[in-house]
Amino acid sequence: MEIKIKEAAETYLQTKVTSDDIVLLALNDGSNQFSNMGGTCTIGASFQFVIVDKMYDKFDISVENNMGLKMFTSKDELAFLTDGLNVNYKNGFLVLSDNSGIIDGAMTVNQYQPRTEAELKEQMETIGQKNC
């Protein structure tokens with residue numbers, strides 16, 4: 001798998017990510033431990049870059065990129081990504097696209113902080129009232 005990081009996105013990401021970081025290209029739809037969103041309307045349409053300090057078994061697919069970042073994704077994410085994958089930075093947002101068009105027009109970059117079960121439950125109850 002390969003992603004092209006366009007110049008504007010590279011400039012933005014350089015303020016968020018170092019070459020030593022491990023970066024995950026992950027869904028942000030409630031389907032994994034890194035998600036802070038949820039709801040049927042976000043399935044396959046909401047992505048994020050997650051900065052982690054260790055490898056996670058599920059995220060074992062290397063994502064080649066022109067920034068030389070240590071980037072990985074999982075087979076779950078691959079179901080929503082096709083050829084020509086790229087990320088750009090426009091109007092204050094990261095935009096994830098492929099040959100079919102825009103996948104996510106407001107992608108985020110998040111530093112992963114593990115949460116307790118109680119924190120997860122509270123977050124999902126709060127967010128659940130705001131999502132579809």
Side-chain angles (χ1 to χ4, degrees):
M1 157 135 267
E2 183 176 356
I3 188 170
K4 179 176 179 10
I5 301 170
K6 296 190 175 182
E7 186 176 341
E10 183 173 352
T11 300
Y12 175 77
L13 287 171
Q14 286 172 342
T15 68
K16 304 283 185 189
V17 181
T18 71
S19 59
D20 293 329
D21 289 329
I22 299 170
V23 180
L24 306 180
L25 174 57
L27 285 161
N28 193 9
D29 61 4
S31 65
N32 61 61
Q33 73 227 55
F34 309 110
S35 297
N36 57 15
M37 299 279 296
T40 56
C41 63
T42 62
I43 295 173
S46 186
F47 279 83
Q48 62 183 328
F49 286 129
V50 182
I51 303 167
V52 296
D53 58 2
K54 65 176 186 168
M55 293 294 296
Y56 287 83
D57 291 341
K58 183 177 176 183
F59 287 83
D60 61 352
I61 299 169
S62 180
V63 180
E64 299 299 319
N65 62 86
N66 54 301
M67 278 185 72
L69 298 173
K70 294 176 265 187
M71 188 179 296
F72 300 88
T73 195
S74 83
K75 66 178 179 153
D76 295 337
E77 281 71 12
L78 290 181
F80 303 101
L81 306 172
T82 63
D83 292 335
L85 195 60
N86 68 79
V87 65
N88 203 354
Y89 186 75
K90 293 183 178 181
N91 302 320
F93 295 100
L94 287 173
V95 179
L96 182 67
S97 304
D98 62 17
N99 289 342
S100 67
I102 294 174
I103 299 168
D104 186 345
M107 203 176 155
T108 59
V109 180
N110 301 303
Q111 180 79 41
Y112 179 59
Q113 298 291 331
R115 296 166 288 196
T116 66
E117 289 296 322
E119 289 171 328
L120 286 171
K121 182 179 180 195
E122 180 182 342
Q123 180 182 5
M124 285 302 163
E125 286 173 355
T126 303
I127 291 173
Q129 297 170 4
K130 298 176 185 174
N131 284 338
C132 54

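Atom CE of Met1 sits about 5.5 Å away from atom CG of Leu78, to the nearest 0.5 Å. Rounding to the nearest 0.5 angstrom, the gap separating the CG atom in Asn110 from the CD1 atom in Ile51 is 8.0 Å. Note that CD1 of Ile3 and CE of Met67 are 11.0 Å apart. Values are rounded to the nearest 0.5 Å.
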Stepwise side chain to side chain contact (heavy atoms under 4.5 Å, CB included) check, Phe49 with Leu94: CA-CA 10 Å; Phe49 286 129; Leu94 287 173; 4.2 Å; yes

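The two residues Met107 and Gln48 come nearest to each other via the heavy atoms CE-C, 3.8 Å. The nearest pair of heavy atoms linking Leu27 to Asp76 is CD1-O, 4.1 Å. Phe47 approaches Asp104 most closely through the heavy-atom pair N-OD2, 2.7 Å. Taking each heavy atom of Val50 and Tyr112 in turn, the nearest pair found is CG1-CB, 3.7 Å. Taking every heavy atom of both residues into account, Tyr12 and Thr15 meet most closely at O-OG1, 2.6 Å.
Ser74 is linked by a side-chain hydrogen bond (donor to acceptor under 3.5 Å, both in side chains) to Glu77, counting only residues two or more places apart in sequence or in another chain. Phe72 pairs by the ring pair (Phe, Tyr, Trp, His ring centres under 6.0 Å) definition with nothing, not counting sequence neighbours. With sequence neighbours excluded, the residues satisfying side chain to side chain contact (heavy atoms under 4.5 Å, CB included) with Glu2 are Glu64. Legend: residues meeting side chain to side chain contact (heavy atoms under 4.5 Å, CB included) with Thr18, ordered by chain and number and at least two apart, are Asp20, Asp21.
Side-chain atoms of Asn28 do not come within 3.5 Å of backbone N or O of Ala26 as any donor-acceptor pair. Proximity of a side-chain donor or acceptor of Asn65 to a complementary backbone N or O of Val63 within less than 3.5 Å is detected.
Clustering of Ile, Leu, Val, Met, Phe, Trp and Tyr side chains at separations under 4.5 Å places Ile102 together with Val95.
With a 6.0 Å radius and a threshold of 12 heavy atoms from other residues, nucleotides or ligands, Lys6 has its NZ atom at or below the threshold.
Annotation: side-chain hydrogen bond (donor to acceptor under 3.5 Å, both in side chains) contacts involving residues 89-99, sequence neighbours excluded, comprise Thr82-Asp98, Asp98-Ser100.
The cluster map of Ile, Leu, Val, Met, Phe, Trp and Tyr, joined by side-chain heavy atoms under 4.5 Å apart, puts Val109 and Leu25 in the same cluster.
Contact of the Met71 side chain with the Ile5 side chain is registered, since non-hydrogen atoms from C-beta on lie closer than 4.5 Å.
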